Amino acid sequence: MSWLYFIPVLLIMVLIHEAGHFFMARLFGVKVLEFGVGFPPKAWSRVSKKSGIEYSVNWLPIGGFVRMDGENGDSSDPNSFGAKPPWQRAIILIAGPFMNLVLAFVIYLILATGGHDVPKGQVGLAAVSAGSPAAAAGLQPGDIILAVNGDNVKTTNDLLLDIAVNRSQPLDLTLLRNNETRHITVKARTPEQTPQGEGAIGIAPDYIYGKSIAPFQIFESPTGPDGKTLLGADGKALLQDGDLIVSADGRTFNTNAELGNYLNTVNADSVQLTINRQGQVFDVTMPQQVYISTVYKGSEADKAGLLAGSSVLSLDGTPVHTVSEYASYMQAHQGRTVTMVYYDTTAKKQGSIVIPANYTADGNQTIQNSGVSWSPQVGQRLDSRTFGKSLALRMPSEHQSLSPAGMIGDAWNQTVYAITLIPRTFNGLFNGSVSVKQLAGPVGMAQITSQVVDRGGLPSLITLMALLSVNLGIVNILPLPALDGGRLVFVLIEMVTRGKRIPPDKEGLVHLAGMVVLLTLMVFIAWNDILRLFTGGSFS
């Protein structure tokens, strides 16, 4: 039910937006007829005896409005909207979108009060999927990505966004490998060609820290298949918050990516870690764990409720510790059914399901063939940066406290960055990298809200509201008929032509046509949102 959070988020953004129009209209003496939250039919309304303004709450919680006298120049009242000077009308129209930007700025300012944890490192590749475009182009784990198509990359989100909005074009990656700058061109896959969980070019971005004997820091004691914390002979947790990994199986690693890749792919029942705990160095033997990386939609495993991230304990009673053991058993029983015993790390309970043994080790089934008949894909882990509750690790980071001026600067930068996402998305639409089907309406935004709340809780929800508020403000100020920006165009024309106003009836027809187009687009987007829900798709 996390999607319900979208309703108050939307209502807050709409109230702030419409309040901007309302208060500026009142400031300039414009006669306001109604302030409405939601769209008709009306659920409740009340007329103020003092001002005569009707305040209403409507049944469709997908917007709001401020109805002013003479909005289309069809009133002779000197206090009507159309009777006011063009510059006042322009300010009234701009006030709504402006308040959405103010809301986003305030949210980012509040989030900045506690400072930030800044990763100590550069954006790089923790893993490159076999058979992916990235692998074919020669990208390697540990590569530091400096830029994509000339755009500097500062965060992992920058890298993923640059790929997403340019995936229809060759991607020129500027990278650093062994202190040498290189340029590698990668051609991304289409969404239909992309295996589940791999992304457009098949990379797992992360932060690279250069040479370090302790690139990983543990922040959560690992748990075994039974959900209990793994304990040593002295009864203490084998690993504790703040422990540092010095080596694995006697091997040291130059980067965090190399260590992570080793932990995820070593073909052994267990791995011996050398740990540094506040200056005390000791060894810990950690059992390997096979986990579910992909559950194909509509498959027997999906129908049985198996979740990605669950640990595989056994197949037909045979214990499974490595990916090769899982693959060998599945391939030896191809075409039959097997009983899988697993541990659900979310519900913290053990379960058992019967599934067909149709497994291919390369994991290259695409979304086109849906994977309905396939066995789940698996991975191997000691670290759980992707899923679950095994050995949870974090990258070293540095907490930065901000002065009042620094908080303002940070909030400003975050707001500007959110604004720049919009033209980048439009560019992706125009160059074919972003499909119209990927746009989200109210239904899709509710789904996104649910995902954000489930993964990040209240802080992530507040951050999402700031981003959505920026989007609402900028989209409304675009010069499109029926939007604030479309009405502003006519006011600006009047200002440029020194009072020669376009006839109200012609302006009204333009806005009516624009409204029809917008409503048609909204229906199309809503239909795609609904299809996405029924097909089990997501925005992740």
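Worth saying up front: this structure is predicted, and the values here are computed from it rather than measured.
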* Going from CG on Asp69 to CD on Glu71, what distance comes out if it is rounded to the nearest 0.5 angstrom? -> 9.0 Å

* Could you tell me whether the side chain of Arg167 reaches within less than 4.5 Å of the side chain of Thr194, counting heavy atoms only? => yes

* Structure fact -> Tightest non-hydrogen contact, residues Ala308 and Ser293, listed as CB-O, 4.0 Å

* Structure fact -> Contacts of Arg501 meeting side-chain hydrogen bond (donor to acceptor under 3.5 Å, both in side chains) (sequence neighbours excluded), chain-then-number -> none

* Can you find a pair of side-chain heavy atoms, one from Leu468 and one from Met465, that are under 4.5 Å apart? -> no

* Do you know which two heavy atoms are closest between Ala411 and Leu109, and how far apart they sit? -> CB-N, 3.5 Å

* To do: Locate the shortest heavy-atom distance separating Ala25 from Val32; write the atom from each residue and the value.
  => CB-CG2, 4.0 Å

* Derivation and outcome, side chain to side chain contact (heavy atoms under 4.5 Å, CB included), residues Leu27 and Met24 -> CA-CA 5 Å; Leu27 178 64; Met24 290 310 301; 3.7 Å; yes

* Asked: Is the number of heavy atoms from other residues, nucleotides or ligands under 6.0 Å of Lys187 NZ greater than 12?
  -> yes

* Separation between OG1 of Thr185 and CG of Leu173, rounded to the nearest 0.5 Å -> 7.5 Å

* To do: Report yes or no: do Thr155 and Asn157 form a side-chain donor-acceptor pair below 3.5 Å?
  => no

* To do: With side chain to side chain contact (heavy atoms under 4.5 Å, CB included) as the test, would you mind laying out the steps for Gln122 and Val153 before giving the verdict?
  => CA-CA 9 Å; Gln122 295 172 282; Val153 171; over 6 Å; no

* **Side-chain donor or acceptor of Ser168 paired with backbone N/O of Asn431 under 3.5 Å** => yes

* Asked: Do you know the tightest heavy-atom contact between Ala188 and Leu171?
  -> CB-CD1, 4.3 Å

* Report yes or no: does Asn413 contribute a side-chain atom to a donor-acceptor pair with the main-chain N or O of Gly409 at less than 3.5 Å? => yes

* Asked: Under 4.5 Å between any side-chain heavy atoms of Ile502 and Val510, yes or no?
  -> no

* State, with a plain yes or no, whether a side-chain heavy atom of Leu421 is found less than 4.5 Å away from one of Val470. => no

* State, with a plain yes or no, whether a side-chain heavy atom of Val9 is found less than 4.5 Å away from one of Leu464. => no

* With side chain to side chain contact (heavy atoms under 4.5 Å, CB included) as the test, would you mind laying out the steps for Leu480 and Val517 before giving the verdict? => CA-CA 10 Å; Leu480 301 175; Val517 172; over 6 Å; no

* Main-chain N/O of Val165 paired to Ser433 side chain as donor or acceptor, under 3.5 Å -> yes

* To do: Check whether any side-chain N or O of Asp484 sits under 3.5 Å from a backbone N or O of Ile477 as a donor-acceptor pair, and report yes or no.
  => no

* To do: Report the distance from atom CD1 of Ile474 to atom CD1 of Ile422, rounding to the nearest 0.5 Å.
  => 5.0 Å

* Tell me, please, which residues at least two apart from Gln400 pass side-chain hydrogen bond (donor to acceptor under 3.5 Å, both in side chains). => none

Show which side-chain atoms of residues 87-105 pair as donor or acceptor with protein atoms under 3.5 Å away, not counting sequence neighbours.
unit_1 : atom_1 : unit_2 : atom_2 : d
Arg89  : NE     : Lys84  : O      : 2.9
Arg89  : NH1    : Glu494 : OE1    : 3.0
Arg89  : NH2    : Lys84  : O      : 3.3
Arg89  : NH2    : Glu494 : OE1    : 3.0
Arg89  : NH2    : Glu494 : OE2    : 2.9
Asn100 : OD1    : His17  : ND1    : 2.6
Asn100 : ND2    : Met13  : O      : 3.3
Asn100 : ND2    : Ser469 : OG     : 3.3

* To do: Evaluate the side-chain proximity of Asn166 to Asn427: yes if any heavy-atom separation is below 4.5 Å, no if none is.
  => yes

* Does the side chain of Ser51 come within less than 4.5 Å of Arg26's, by heavy atoms? -> yes

* Who are the salt bridge (Lys or Arg N to Asp or Glu O under 4.0 Å) partners of Asp143, not counting sequence neighbours? -> Arg177

* **Reported CD1-to-OG1 distance for the pair Ile145 and Thr156, which is rounded to 0.5 angstrom** => 12.0 Å

Acceptor/donor pairs from residues 485-492 side chains to any protein atom, 3.5 angstrom cut, sequence neighbours excluded:
unit_1 : atom_1 : unit_2 : atom_2 : d
Arg487 : NH1    : Asn72  : OD1    : 3.3

* To do: Can you sort out the partners of Asp162 under side-chain hydrogen bond (donor to acceptor under 3.5 Å, both in side chains), two or more places apart, ordered by chain and number?
  => Arg424

* Asked: Could you go step by step and tell me if Leu458 and Leu461 meet the side chain to side chain contact (heavy atoms under 4.5 Å, CB included) rule?
  -> CA-CA 5 Å; Leu458 183 59; Leu461 177 64; 4.2 Å; yes

* Between Val128 and Leu125, which heavy-atom pair has the shortest distance, and what is it? -> CG2-CD1, 4.0 Å

* Phe65 versus Gly38, closest heavy-atom pair with distance -> CE2-O, 3.5 Å

* **Interatomic spacing from OH in Tyr108 to OG1 in Thr463 - rounded to 0.5 Å** => 7.0 Å

* Structure fact -> Value for CG (Asp151) from CG (Leu146), rounded to nearest 0.5 Å, stands at 13.0 Å

* Spell out, as yes or no, whether a donor-acceptor pair under 3.5 Å connects the side chain of Ser450 to the backbone of Ala446. => no

* **Leu15 side chain near Phe35 side chain, heavy-atom distance below 4.5 Å** => yes

* Please say whether more than 12 non-hydrogen atoms of neighbouring residues, nucleotides or ligands are located less than 6.0 Å from CZ in Phe426. => no

